[in-house]
Structures are given as structure tokens and as C-alpha cells.
Amino acid sequence: MGLAWVISVAFASAHAGPMPAGHPWSDAGLNPDARARLLEAQMTQDEKFQLIRSYFAGAGPHKPSQKPVPPGFIGSAGYVPAIARLGIPALQESDAGLGVANSDALRPGDSATPLPAGPVTAASWDPQVAYRGGAMIGAEARAKGFNVLLAGGINLMREPRNGRNFEYAGEDPLLAGTIVGATIAGVQSQHIISTIKHYAVNDQETARNTIDVKLDEKAMRESDLLAFELAIERGKPGSVMCSYNKLNGDWACENDYLLNQVLKQDWHYPGFVMSDWGGDHSAVKAVNAGLDQESAAEAFDDQVFFDTPLRQAVASGEVKQARLDDMVHRILRSMFAAGLFDETAKRPINEQADLAVARHTLESGAVLLRNQNALLPLDVARLKSLAVIGAHADKGVMAGGGSSTVRAKGGNAVPGLAPLQWPGPIVYHPYAPLAALRKMAPAAQVSFADGTDVATAAALAKKAQVAVVFVQKWAAESVDWTDLGLPDQQDALVTAVAKANPHTVVILENGNPITMPWLGQVGAVLETWYPGGDGGTGIANLLSGKVNPSGRLPFSWPKDLSQLPRPELPGAAGGEAPKSVDYNIEGADVGYRWYQRRGIEPLFPFGFGLSYTQFEHGTLAIDAGKLQAKVSVRNTGQRAGADVVQVYVQVPGSPVRRLAGYAKIFLQPGEERTVTVPLESRRLADFNTEQHRWVVRGGAYAFSLGRSAQALDAPVSVQVQPSR
Ligand code: BGC
């Protein structure tokens with residue numbers, strides 16, 4: 001019997017309840033560090049060891065736990081029991097990137113509101129949308145008794161086949177950092193600790209538990225790590241989850257460079273680092289490199305490193321007592337900072353309001369990729385007939401798979417779709433587009449074909465005024481795709497429908513870019529990724545023009561695999577797992593910067609997206625001293641809508657442009673306003689690895705307004721002072 005089990009007799013309930021008197025750390029007027037210090041001073045060594053590891057619920061996604069879990073666990077990804085004697089509440093951890101997850105239905109019958117996929121939020125280019133989404137999830141988590149959310153996924157999209165891109169925020173560090181930072185701030189506004197994950201450069205799922213990622217320091221600081229840096233500054237997450245992979249030879253969770261040197265020293269990060277589930281490989285090395293809490297060790301790691309092995313290491317002096325105290329301090333400090341000791345009241349969930357948040361996210365982030373002859377918005381008042389085809393649109397909207405999967409109210413609308421084991425089953429949230437489209441056009445005859453028979457679908461499309469074809473491609477944690485094609489002969493389906501009806505609209509439900517051999521034959525294409533709660537209504541609102549699409553792609557959309565830095569993804573199709581992956585091929589030039597460097601044109605560029613109105617831009621004015629851009633924007637069309645002002649900069653000596661700032665603005669028809677766009681200083685700088693800091697070269701910088709990373713206005717040249 002381990003010592004932890006001796007302690008378990010002292011476990012209190014999951015919630016510490018009201019603070020007993022005589023606990024000076026319960027004074028909310030003190031700062032989190034002071035409160036943590038007062039509390040640490042009272043803790044026994046066993047209590048300290050209790051705080052630095054979490055338990056897992058039992059039968060989980062990857063392998064079943066053989067050991068009983070201490071009482072008080074609500075049932076989700078992780079649990080650190082309360083220490084009732086000192087009023088330390090339990091840590092109840094749930095996955096929550098896209099809503100409070102219940103991926104293995106560990107809490108039978110418990111449902112939550114699913115947000116759309118992460119790229120939708122990023123495609124809104126609106127941190128407020130992200131904040132509201134985070135706050136919605138945080139509030140639902142609190143109502144269920146969780147106080148730590150495994151949220152904040154921000155791995156950059158280097159690999160368009162990555163099965164987890166649907167949990168993340170695209171390819172650009174500035175956009176991802178600002179959006180994910182806002183999501184985290186939203187979660188934590190509900191007095192919940194949020195993580196940011198997976199730190200770092202865990203940009204593919206293939207061989208994720210073993211692969212050694214090669215990426216040089218300068219490139220890393222200017223790309224993947226910059227995204228984390230910006231999001232941590234903005235969101236102040238209580239915890240950072242280190243990732244599965246190795247980085248330049250060391251596991252991410254025992255990587256001194258990542259954890260000690262960058263995160264804790266350079267960025268002065270005060271919170272704690274928790275390992276990903278199965279991501280810890282040692283006691284001494286990990287702890288001395290900066291890992292503070294071992295997650296779900298008994299179920300996922302080779303052994304519980306943060307119990308007996310660490311106790312021995314502390315006793316022998318291999319790990320200093322001061323370091324153990326620092327681990328404890330960091331955990332407690334984050335708990336105080338997020339309000340876990342002070343704010344324990346539960347508020348009821350407002351389902352309708354939460355669904356509206358999810359729908360608003362979709363309406364702000366769906367991207368209109370094509371709209372020939374203004375086929376959209378549909379003239380609903382005059383629409384007589386509509387053929388709806390494919391992708392279970394009569395039942396619901398697709399969700400991505402793995403630990404982030406939310407169980408929406410009403411359950412899985414299409415049960416039984418393989419893979420049935422984790423990361424499956426495939427889940428459809430029960431917000432059927434068909435019903436919403438019928439509601440949108442009450443006078444029209446709206447018919448449905450499931451798309452399995454191409455001829456039937458084409459015949460239905462032929463009889464209708466407009467055909468709306470839904471296509472899907474499932475993506476899931478732990479597996480990457482080997483290609484960008486649509487599965488299940490959906491290309492043939494779209495081609496046949498488009499041939500039968502020139503007014504064909506394609507709705508994409510997917511985690512990643514897909515090839516579209518039929519693109520030139522269809523009238524319109526709307527990218528919804530995985531649409532989330534009330535997704536059917538959101539789609540109908542976008543098609544009818546009740547909402548004007550304003551999303552812009554948060555990643556470059558390749559024409560085919562040959563355009564990528566690594567056309568092959570070894571191991572994705574099975575066979576021998578690759579030992580390493582070379583990200584130095586593109587280095588910091590992830591996504592659009594790679595396309596610019598190579599002079600190749602993607603199918604759709606980063607930042608691209610159409611609207612039902614048009615916007616005219618004035619001349620860009622740059623104040624380099626104030627780090628601000630100003631430009632007037634006018635809505636010259638007939639409909640209200642939102643524009644995204646994108647400012648790109650080309651630093652002297654660099655062949656590529658970087659996004660330096662952005663702002664979203666909503667304008668009525670004819671309205672004109674001047675927008676102030678904050679510019680990110682690190683986008684004007686390079687990371688100097690000898691001086692360990694950002695250095696501005698100075699000289700003539702070319703700033704351009706862009707409709708996308710590819711469609712740029714003439715540059716404005718501005719003299720920028722070098723760093724001192
Ligand atoms: C995933 C994490 C997740 C954890 C707990 C891991 O497999 O990589 O994102 O938070 O499981 O479910």
C-alpha cells in the first residue's frame with residue numbers, strides 16, 4: 001500500500017466548504033503568493049505529496065486504471081483530493097477545450113453545451129467571441145463542480161493532417177495567442193483554473209508519445225513558443241500542460257529549456273506545470289526541469305514518479321526540499337489567484353443562453369469561401385424548393401473526437417458510427433440543419449437525401465431551386481489523416497449534385513483543409529468546421545443572410561500535399577513510427593509564411609473570407625512609436641457586416657510578411673469608421689538567441705493592409721528605430 005493510500009483516510013469531500021476560522025490564508029485581501037506562503041507553512045510533507053499528483057477516474061480513454069480512486073471524484077480527467085484539515089479544496093479537472101467534456105461518458109447522462117471547433121473561434125478574429133465562449137464553458141464547469149479546465153489548446157497548425165487541429169487556433173502565433181489568451185481569460189473569469197496546452201510543439205498526433213521534434217531555438221521562439229507567450233500574457237492560465245513529445249532530445253515534461261529557462265525564467269510564469277496524461281517519464285529529471293504536478297500517474301505513466309521515487313529523491317537530496325516547496329507553492333498560488341478558495345458557490349446553467357453563445361461563435365467564425373453570382377444569401381421569401389443532402393444533416397452536426405468530445409443534451413444524434421472505441425465513437429450533436437433550414441424557409445418545399453446514393457441525391461437536387469450539400473470529414477485526437485481528400489465518395493456526390501443543379505451550396509464540416517476537385521462547379525462553399533451547439537440554426541442564419549459571414553481563415557488551405565513542407569507524414573498510415581520530425585524545414589515560417597517563402601499559391605490563403613457586403617479601406621497610417629495602425633473602413637454594400645482589418649509587416653531583410661495586428665469592425669451599410677489596430681512589438685523583432693531577447697533590427701519596414709496574407713494593398717514604408 002502506497003503512502004498516498006494511508007493519507008486517503010483523511011480525504012474530505014470534493015469541496016472544502018466554508019473556511020474554518022484560524023486560517024489566515026482565507027483572507028482574500030492578501031495576494032495569492034502571500035496566501036500560498038501562509039498555507040504552505042502549515043503543510044506536512046505527506047500533504048505536500050498529495051497535492052503534486054492527480055488521479056484518474058478509472059476506465060479511461062487509453063488504458064484502464066487498476067487502482068481504486070479516492071472518494072470525492074466527480075468523474076473526469078483528473079482529481080487531486082481535498083485536504084480538509086487546511087481547507088484546501090479538491091482539484092476536479094475536466095477536459096474543456098470546446099465545452100465541458102464527458103468523452104467516455106464517465107458521468108452518465110451529464111451533458112454540456114458544445115462550442116464549435118477551435119478554428120471557428122479563431123476565424124472570428126474577435127477576442128471577445130473567444131472570451132464569451134471561455135466564460136460559457138467556465139460557468140458550466142463550475143455548475144458541475146469542476147475547478148480546473150484542461151482547455152487552452154494552442155498548438156500551431158504546421159501539419160494540416162493533424163487530427164487535433166480542430167481543438168486549436170490555426171497557424172499564426174499572434175492570432176492564436178490573442179484568441180486562446182482570451183478564451184483562457186473567459187474560463188478563469190468564472191473562478192476556474194484553465195490550462196494552456198500542449199507545451200510545446202506537439203503539432204501532430206502521429207507518434208505523439210515518442211517522437212522527437214527538431215526545431216531550432218530562434219524558429220521556436222518566433223512561432224510555437226510565441227503563441228504560448230502571447231496567450232499566457234493575456235490569459236494568465238493557472239497551469240501549463242506539458243506535452244507528450246520530445247523536443248530537441250528531451251521529453252517536453254522534463255525539458256529544462258522549455259519549462260525552467262523559457263516559461264519560468266524568461267516569462268516569469270508563476271503558475272504550475274502539469275504533465276499530459278502519460279507525459280511524465282521521471283521523478284528527478286522532470287522535477288528539476290520544472291514539472292510541478294504529475295497527472296493521472298497511476299493510469300498513464302510507467303509508475304507514479306511523484307510518490308515513492310520523488311520521496312526518495314528528496315530524502316537523498318537529489319531534489320531539494322525547496323524545489324518541492326516551490327511545486328506546492330505554484331499549485332496553491334494558482335488556486336488562490338483563480339479564486340478556488342473564495343468562490344465556491346454554484347450557479348445554475350442557463351442552457352438557452354449558453355447555446356446562443358455557441359451559435360454566435362459559429363456565426364462569427366464560419367468562413368464563406370466561395371459565392372458565385374451572389375448565390376448566397378438565399379432569397380428565403382421567394383424560395384420554393386430546397387434539396388438538403390448528405391452528412392446526416394437531418395440529424396445533427398459532426399463533432400471532432402477524443403478527450404475534448406462534449407456530450408450535448410439529447411446525446412449522440414447518430415450513434416453506432418465506427419470507430420466505436422476511443423477516440424470514437426463519431427459524435428453528431430443533435431442540432432439538425434434540416435429542421436433549421438425548414439424553419440428558415442417555411443414556404444419552401446425542403447426535401448432530404450442522405451447522399452449514400454448519388455443518383456437519388458442528384459435527382460432530388462435537379463428538382464429543387466437550390467441544393468445544399470453537407471460534406472464531412474471526421475478528425476480525432478491520436479490519429480492524423482494521411483491525405484486531404486473527402487472520404488466516402490463525397491467528391492462524387494458533390495460533383496453529381498452540382499451537375500444537376502447550378503445553384504449548389506456546399507457546407508463543410510471538417511477539422512482540416514480538404515481538397516475540393518469540384519470547387520469550380522459549385523455556386524457557394526461555407527466552411528463551418530464542427531459547428532457545435534445550435535449549429536443547424538447558425539448555418540441557416542448564415543445561408544439566409546440573417547447573419548452576414550465574417551470569418552477569415554486562421555490557416556492556409558493547401559491545394560494539395562505537395563505544397564507542404566513535409567508532403568509525407570511518415571507513420572500516419574501505420575507501420576513503423578517515425579523517431580523524429582524535422583520542423584526546421586519551415587522553421588518559424590509556418591503556414592502563410594512558408595507559401596510566401598516558396599512563392600506558391602495555396603487554394604485559399606490565411607486571412608481569406610468573403611462577405612455579403614463590401615468594404616473599402618482608406619490609407620494605412622502607422623505610428624511605429626505607439627505601435628498602432630489606423631485606417632478608415634467603409635461598408636460600401638447594401639448589408640450590415642463585419643470586416644477584419646489585417647496589418648502585415650515585412651521586416652527588412654526578411655522575405656516574408658508577418659501578421660502584425662488585426663481588428664474586427666462591424667459596420668452598417670454606408671457607415672465609415674476609423675479603426676485603431678494595436679501592433680505586436682515582437683512581430684517587428686527577431687528573437688536573438690545570443691542575447692536571449694527580442695531585438696528590433698530597425699530600418700525601413702513595409703506595412704500593408706491585407707484582405708488576406710496574399711491579397712495586400714501597396715505597402716507603406718515606415719522608419720523603425722532599432723532596439724537599444
Ligand atoms: C490529451 C490532453 C487531455 C488529457 C486528459 C490527453 O490524452 O492530450 O489534451 O487534456 O488527455 O484527458
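We count ligands from 1, going down the list as the structure has it; atoms in each ligand are counted the same way.
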Can you list the ligand 1 atoms lying under 4.0 Å from a non-hydrogen atom of M241?
-> 10 (O)

Taking C-beta and beyond as the side chain, do E205 and V479 meet within less than 4.5 Å on heavy atoms?
-> no

Atoms of ligand 1 under 4.0 Å from any heavy atom of Y244, numbered from 1 in the order shown, are 6 (C), 7 (O), 8 (O)

For ligand 1, which atoms sit closer than 4.0 Å to a heavy atom of E477?
-> 1 (C), 6 (C), 7 (O), 8 (O)

For D95, take its heavy atoms, then give the atoms of ligand 1 lying under 4.0 Å from any of them.
-> 3 (C), 5 (C), 10 (O), 12 (O)

Just jot down the ligand 1 atoms closer than 4.0 angstrom to any heavy atom of H198, in number order.
-> 2 (C), 8 (O), 9 (O)

State which residues pass ring pair (Phe, Tyr, Trp, His ring centres under 6.0 Å) with F336; sequence neighbours excluded, sorted by chain then number.
-> F341

Between side-chain atoms of residues 173-183 and protein atoms elsewhere (two or more places apart, or another chain), which donor-acceptor pairs fall under 3.5 Å?
residue, atom, partner, partner atom, Å
T178, OG1, L174, O, 2.7
T178, OG1, L175, O, 3.0
T178, OG1, Y662, OH, 2.6
T183, OG1, I179, O, 3.2

Please check if the side chain of R330 supplies one atom and the backbone of G271 the other of a donor-acceptor pair under 3.5 Å.
-> yes

Taking only non-hydrogen atoms of A77 and a 4.0 Å limit, the atoms of ligand 1 in range are 5 (C), 12 (O)

Would you say P554 and D172 make side-chain contact, with heavy atoms under 4.5 Å?
-> no

Do F606 and F555 make the cut of ring centroids closer than 6.0 angstrom?
-> no

Provide the number and element of each atom of ligand 1 under 4.0 Å from a heavy atom of R208.
-> 7 (O), 8 (O)

Residue portion contacting ligand 1 (non-hydrogen atoms closer than 4.0 Å) for E167 = neither

